[in-house]
Number of protein chains: 2
Amino acid sequence: MTVTIYDVAREANVSMATVSRVVNGNQNVKPATRKKVLKVIEELGYRPNAVARGLASKKTTTVGVILPDISNSSYSELARGIEDIATMYRYNIILSNSDQNPNKELQLLETMLGKQVDGIVFMSDVISDELRKEMERSPTPIVLAGSLDDTATIASVNIDYYAAAYEAVQKFIDSGHKKIAYISGPLSSEINREHKLKAYQDALKEAGLGYDERLVVECNNTYEEGLAAVQTLESVEPTAYFVSNDEMSIGVIHAVEALGKKIPEDVEVITYENSKLARMARPMLTAVALPLYDIGAVSMRLLTKYMNDEEIEENQVVLPYRLEERQSTKHV
Amino acid sequence: MTVTIYDVAREANVSMATVSRVVNGNQNVKPATRKKVLKVIEELGYRPNAVARGLASKKTTTVGVILPDISNSSYSELARGIEDIATMYRYNIILSNSDQNPNKELQLLETMLGKQVDGIVFMSDVISDELRKEMERSPTPIVLAGSLDDTATIASVNIDYYAAAYEAVQKFIDSGHKKIAYISGPLSSEINREHKLKAYQDALKEAGLGYDERLVVECNNTYEEGLAAVQTLESVEPTAYFVSNDEMSIGVIHAVEALGKKIPEDVEVITYENSKLARMARPMLTAVALPLYDIGAVSMRLLTKYMNDEEIEENQVVLPYRLEERQSTKHV
DNA sequence: CTGTTAGCGCATTCAC
DNA sequence: GTGAATGCGCTAACAG
């Protein structure tokens, strides 16, 4: 039924070792016999069985990708970055959604290792101790994409979230704002809590502005909650909004405009993500540009180095970010 | 180094067959020995090698997914539907982006088959003859998700694109519009050309309205081109826009409003997709709801039936759609 | 209920 | 340059 390497060998009057050599591009084959083998392969429609190959060689040329939710545009952008580089290095991707559920993450990790992937790219807002321990003991290399590990034991690719947030808030301070709101994603996320919020607090403090906790609203990253957050803050009347992601930012500008205020004249907004949405909003959103595609791509590239046992100079990669000025902030 | 089924067998004083049985949940094992084996598995940290298992059993419990671009929200929504059902049936997903490139699609198909996936979910706007031929000769089941195959030889799940488009255009006609524009995605896509455009033409014709080809603008599905399309049509002054997808629709409403016209008072818009964007637009978009998640989920479910050799009543599944009325059309 | 025996399809020594 | 032999780790009859 299925044609194997052995069938090709017999038909071409060579040994399976020779067929294996031509299939794998080994140079130790006389051009004439290579040609003959290739011809038979074509005739028989032989297709190498990657599973058998994987068992024999202990390499599957596939890597596992575990992320919260592929239908979320941030993660799908990241995934594309990963896949593009993977393709470039001839790897395939096994993709799974964790929904940030720790048990599911653990179990997915287990499944991927069982499938003998050559490496894993992992993303999650919070890495539990148990998960980190599993990762450390993992026989196959793992890199964290856009996910922090304080212990720095696991390779990772990120930007300087703190500095980026600080710069955004500082921009508001420089413009003379006194009541700056921070519309945050879940504070269970270390990036939101220890970097963005911290930077927000530090910037205010260093500017001599008090920290008013009423100005911080924790949301679940959705448009609707962005909308609601502004309503919650109506009595406080913030004049500037630092928002955790694009989708909430659109909620914010819609709610602000519904209150009859003009952006950026009355209220300024800076988002933290910079997906296509930032350009599709009206006014277009000034943004801290989080290079998700690049984070994915660099993570995958780093992973290939581990998989090839290459020398790694630094396992904690920090990519640059930039502040993209558009219409939701005043230009000076 | 790696602990195998044989190690477990030796340590538990049983044969590897018995270990295999407990690992696979075979009932023919005395509870006592099952317990003993489980204990050793735990102690040794044994993890079954899925590759070896795949070679021996000829099942990999992984399915291939080939789609145009995971970073596009439509496809990522579809992917999530596929993955959820796959997880439910204990399959993993190998995901690849084709960018609708026929050669890449062919090559990806080949790669997936080489990896011995148990099934494939495929999506593409246009299925070339060569590709269809490859699919027909494929030894492993394939289902097309949201992709048409006129010959109906390959299983597929879709909605009635024509009827949905017809209904949208008819709604405009019922409201008395005479100049209805169709902002289309690439007409190389059969769905855009043979279903949406055709329905548009037919509806106009049957209403006794002439077909003015200046009212049809072909775009590449992006926000920017939606924006540009309206400018192109400025002199024609359409009073209604039937738009191929959400992203272009947002471009359309922005451009229309930039022209000083009010939506829906002066101009009405109906989009064809209904992603989150439709609710994030202002005004919120009335939409033909394309159930992408469901198409993915049902495709995967159908695939499981093929993989289990279950009885298939109908290989061309047609899912229902609905018209979601929001703010970009007048309510009567 | 449990053990023995064969492969699954290929890469990889080691000879020649 | 090429071939023969071995084993990767596991499932699947087949016995018993």
Side-chain angles (χ1 to χ4, degrees), chain A residues 1-38 40-41 44-62 90 110-111 113-118 139-140, chain B residues 1-38 40-41 44-62 90 110-111 113-118 139-140:
Chain A
M1 168 73 211
T2 59
V3 23
T4 74
I5 200 173
Y6 185 72
D7 299 321
V8 176
R10 185 168 27 72
E11 203 68 20
N13 288 314
V14 297
S15 70
M16 41 185 300
T18 298
V19 177
S20 177
R21 287 193 186 93
V22 340
V23 167
N24 292 296
N26 187 315
Q27 287 307 307
N28 291 339
V29 180
K30 196 169 15 166
T33 86
R34 171 188 307 282
K35 193 174 166 194
K36 181 173 58 177
V37 170
L38 251 17
V40 174
I41 285 179
L44 267 47
Y46 168 68
R47 174 192 298 134
N49 180 323
V51 173
R53 215 198 283 232
L55 185 59
S57 70
K58 294 176 171 303
K59 291 197 183 326
T60 54
T61 64
T62 105
R90 327 239 108 155
E110 202 59 25
T111 302
L113 293 175
K115 294 227 168 176
Q116 313 301 119
V117 295
D118 296 335
T140 80
Chain B
M1 168 70 210
T2 60
V3 22
T4 76
I5 199 172
Y6 186 72
D7 299 321
V8 176
R10 184 167 28 70
E11 203 67 22
N13 289 313
V14 297
S15 72
M16 41 186 298
T18 298
V19 177
S20 176
R21 287 192 186 95
V22 339
V23 167
N24 292 297
N26 187 314
Q27 287 308 304
N28 292 340
V29 180
K30 195 169 21 168
T33 86
R34 171 188 305 283
K35 193 173 165 192
K36 180 173 58 177
V37 170
L38 250 19
V40 174
I41 286 179
L44 268 48
Y46 168 68
R47 174 190 299 133
N49 181 324
V51 173
R53 216 199 281 234
L55 185 59
S57 71
K58 295 177 170 304
K59 289 197 184 326
T60 55
T61 65
T62 105
R90 327 238 105 152
E110 203 58 28
T111 303
L113 293 175
K115 294 227 168 178
Q116 313 300 120
V117 295
D118 296 335
T140 80

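These numbers come from a predicted model, not from an experiment. The sequence lines fix the lettering, A, B, ..., with proteins before strands; numbering per chain opens at 1.
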Query - Verdict with supporting geometry, I5(B) and V23(B), side-chain contact (heavy atoms from CB on, under 4.5 Å) - result: CA-CA 9 Å; I5(B) 199 172; V23(B) 167; 5.6 Å; no
**Report entry** the helix from dC1(C)-dG16(D) to dC16(C)-dG1(D): angle between end helix axes, five pairs per end, rounded to 10 degrees
**Finding:** 30°
Query raised in the report: What string of B, S and - do you get for nucleotides 1-11 of chain C 5' to 3' if you count protein non-hydrogen atoms under 4.0 Å?
Result: SBBB--BBBBB
Requested in this report: Write out all pairs satisfying salt bridge (charged side-chain N to carboxylate O under 4.0 Å, His left out) with one or both partners inside residues 11-27 of chain A, taking only residues at least two apart or from two chains.
Outcome: none
Requested in this report: Return the value, rounded to whole Å, for the distance between atom CD1 of I41(B) and atom P of dG9(D).
Outcome: 16 Å
Report summary line: In this structure, CZ of R90(B) is separated from OG1 of T62(B) (nearest 0.5 Å) by 15.5 Å
Query raised in the report: When rounded to the nearest 0.5 angstrom, what distance separates CG in D118(B) from OG1 in T140(B)?
Result: 8.0 Å
Query raised in the report: For T61(B), what residues pass the side chain to side chain donor-acceptor pair (under 3.5 Å) criterion, not counting sequence neighbours?
Result: K115(A)
Report task. Mind jotting down which residue pairs meet the salt bridge (charged side-chain N to carboxylate O under 4.0 Å, His left out) criterion with at least one end in residues 23-37 of chain A? Sequence neighbours excluded, please. Result -> none
Name every donor-acceptor pair, under 3.5 Å, that has one atom in a side chain of residues 45-56 of chain B and the other anywhere in the protein, sequence neighbours excluded.
residue, atom, partner, partner atom, Å
R47(B), NE, E110(A), OE2, 2.9
R47(B), NH2, E110(A), OE2, 3.3
N49(B), OD1, V51(B), N, 2.7
N49(B), OD1, A52(B), N, 3.0
R53(B), NH1, N24(B), OD1, 2.8

Query raised in the report: L38(A) versus I41(A): any side-chain heavy-atom pair under 4.5 Å?
Result: yes
